Amino acid sequence: MAEAPSFIRASTVRHVGWLDFNRPPVNAFNHQMVEETRDAIAAALADPEIRVIVLGSAVDSYFSAGADLKVFKGMTGDGMRKWALLTHEIVRLLRSSPKPLLAAIRGTAVGGGLEMTLHCDLRFAAADAKLGQPEIRIGFIPPIATTQALVRLIGRPNAIRYLYDGSLVSAEQALRWGLIDELVAPQDLRMRVQAYGEELAAKSPAALAAIRRTVTLGGGMSFDEGMAYELEAVVDLADGPDFAEGVDAFLAKRPPAWRRD
């Protein structure tokens, strides 16, 4: 019996782990692809060789077409609850990651795959990419904690208009909103994201993890709660080896040797 195709192409280059969506022709997500995405992220988080994780695409013209709508044919509330809860497992993995998360977006990026990138730290896009959330056209809303991520990223007015319209927007417009963090020439996208990933991979993993926690989780707290959360992160870092090593290396004018276990 032939093995089922894998819809995630995983590779690691100099401690940067790439998870490329790989369901040609348009990267439409079925149940297997969602499960494989969850499992690939969990595996990358557990792999000590991977210090930075990138969501990308192995399909040139599509980053994501969203859900394969054949999956939704005949689906009712109970089935949708199971689908959405499965995608929420991905959200929780991404938001709780101690490793930096990047996205390399090219081609058409709509629906679920694009929604996952909203939970990454930085989104790099090819300058000719097109982005959108077309769920309104089928009487639906994006379910991957998207409404919550969007309003925090681009503000209520932009989020409401973007979701109401359901239209594709240019990468330039997405950059103006803050939906994208950097535009790159299409031919240079992977090289640029790889280079930035390597920059992060060379830094203190303890400090990177603390930044992710305090900004991603603390950012949803009240100011006083977030300040207290930050305080504990500062204390934990001072008790760890990287802070002492960083200070010693700076004073000795040598490269630091971060702890990697």
Side-chain angles (χ1 to χ4, degrees), residues 4-24 27-59 62-68 71 82-106 109-125 142-146 148-150 152-153 180-181 189-190 193-194 196-198 200-201 203 205-206 208-213 215-217 219-220 260:
S6 175
F7 297 136
I8 301 297
R9 181 183 296 173
S11 59
T12 304
V13 181
R14 292 183 290 278
H15 303 295
V16 178
W18 286 78
L19 304 179
D20 287 308
F21 302 140
N22 187 33
R23 191 179 183 226
N27 282 338
F29 281 75
N30 60 9
H31 196 275
Q32 178 187 336
M33 189 172 177
V34 175
E35 287 189 329
E36 286 190 12
T37 301
R38 176 201 60 194
D39 294 346
I41 293 169
L45 289 171
D47 187 340
E49 289 301 308
I50 294 176
R51 301 174 189 171
V52 177
I53 299 171
V54 182
L55 297 184
S57 173
V59 178
Y62 267 85
F63 181 80
S64 164
D68 186 333
V71 173
K82 293 176 182 177
W83 174 271
L85 287 174
L86 176 59
T87 67
H88 287 182
E89 292 179 28
I90 293 174
V91 173
R92 290 190 175 92
L93 283 172
L94 294 174
R95 285 180 61 80
S96 64
S97 168
K99 301 179 182 182
L101 303 175
L102 308 177
I105 301 169
R106 62 178 178 174
V110 299
L114 177 60
E115 293 167 42
M116 294 176 197
T117 72
L118 302 180
H119 307 290
C120 292
D121 304 327
L122 293 169
R123 285 158 294 282
F124 297 77
I144 309 181
T146 308
Q148 303 311 297
L150 274 176
R152 288 164 170 79
L153 276 174
I180 293 300
D181 299 289
L189 179 63
R190 290 185 76 90
V193 176
Q194 176 67 32
Y196 187 75
E198 289 179 28
L200 293 178
K203 296 180 178 180
L208 291 170
I211 291 169
R212 285 213 88 241
R213 287 197 311 274
V215 173
T216 304
L217 303 181
R260 298 290 181 188

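Quick caveat: nothing in here was measured; it's all calculated off a predicted structure. One is the number of the first residue; the rest follow in order along the sequence. For the numbers below, each heavy atom of this structure counts, side chains included, while hydrogens, waters and symmetry mates do not.
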Practice problem: Can you see which heavy atom on L118 is nearest to which on A149, and at what distance? | Solution: CB-CB, 3.9 Å
Practice problem: With the side chain counted from C-beta on, respond yes when E36 and D39 share a heavy-atom pair under 4.5 Å apart, and no when they do not. | Solution: no
Self-check item: Verdict with supporting geometry, H31 and V34, side-chain contact (heavy atoms from CB on, under 4.5 Å)
Solution: CA-CA 5 Å; H31 196 275; V34 175; 5.9 Å; no
Exercise. Measure the shortest side-chain to side-chain distance between T87 and F29 over non-hydrogen atoms and say whether it is less than 4.5 angstrom.
Key: no
Self-check item: Member of L101, T216, L45 meeting the side chain to side chain contact (heavy atoms under 4.5 Å, CB included) criterion with L94
Solution: L101
Quiz prompt | Close side-chain approach of L122 to C120, heavy-atom, < 4.5 Å | solution = no
Quiz item: So which heavy atom on Q194 is nearest to which on V13, and how close?
Solution: NE2-O, 2.9 Å
Quiz item: Atom CZ in R106, atom CZ in R190: separation rounded to 0.5 Å?
Solution: 6.0 Å
Exercise. Using the ring pair (Phe, Tyr, Trp, His ring centres under 6.0 Å) rule, take F21 and Y62 through it: C-alpha gap first, then chi angles, then the decisive distance, then the call.
Key: CA-CA 9 Å; F21 302 140; Y62 267 85; over 10 Å; no
Practice problem: May I have all residue pairs that pass side chain to side chain donor-acceptor pair (under 3.5 Å) and include part of residues 115-124, sequence neighbours excluded? | Solution: E115-Q133, E115-T146, D121-R212
Quiz prompt | W18 CH2 to R9 CZ distance, which is reported to the nearest 0.5 Å | solution = 12.0 Å
Exercise. Please name the pair of heavy atoms, one in A67 and one in W83, separated by the smallest distance, quoted to 0.1 Å.
Key: CB-CZ2, 4.0 Å
Quiz item: Do E198 side-chain atoms and R14 backbone N/O form a donor-acceptor pair below 3.5 Å?
Solution: no
Quiz item: Do the non-hydrogen side-chain atoms of F124 and V54 ever get within less than 4.5 Å of each other?
Solution: no
Quiz item: What's the shortest heavy-atom distance between R260 and P205, and which atoms?
Solution: NH1-CD, 3.3 Å
Quiz item: For the atom pair CE (M116) and OG1 (T37), what is the distance rounded to the nearest 0.5 Å?
Solution: 4.5 Å
Quiz item: Within a strict 4.5 Å, meaning less than it, do heavy atoms of the L86 and R38 side chains meet?
Solution: yes
Quiz item: Considering residues, nucleotides and ligands other than R92, do more than 12 of their heavy atoms fall under 6.0 Å from its CZ?
Solution: no
Quiz prompt | Check: S57 side chain, D20 main-chain N or O, donor-acceptor pair, under 3.5 Å | solution = no
Quiz item: Do V52 and Y196 have side chains that get closer than 4.5 Å, going by heavy atoms?
Solution: no
Practice problem: Indicate yes or no for a side-chain donor-acceptor contact from D68 to the backbone of A28 under 3.5 Å, with no hydrogens or angles considered. | Solution: no
Quiz item: Rounded to the nearest 0.5 Å, how far does CG of L200 lie from CZ of R51?
Solution: 11.5 Å
Quiz item: Can you find a heavy atom in the side chain of M33 that is under 4.5 Å from one in the side chain of V71?
Solution: no
Exercise. Enter the distance from L19:CG to I8:CD1 here, rounded to the nearest 0.5 Å.
Key: 7.0 Å
Exercise. Drop me the distance from I105's CD1 to S64's OG, to the nearest 0.5 angstrom.
Key: 10.0 Å
Quiz item: Do L102 and V16 have side-chain heavy atoms sitting under 4.5 Å apart?
Solution: no
Exercise. With sequence neighbours excluded, tell me which residues meet ring-ring contact (aromatic ring centres under 6.0 Å, His included) with F7.
Key: none
Quiz item: So, the side chain of H15 versus the backbone of E49: is there a donor-acceptor pair under 3.5 Å, distance only?
Solution: yes
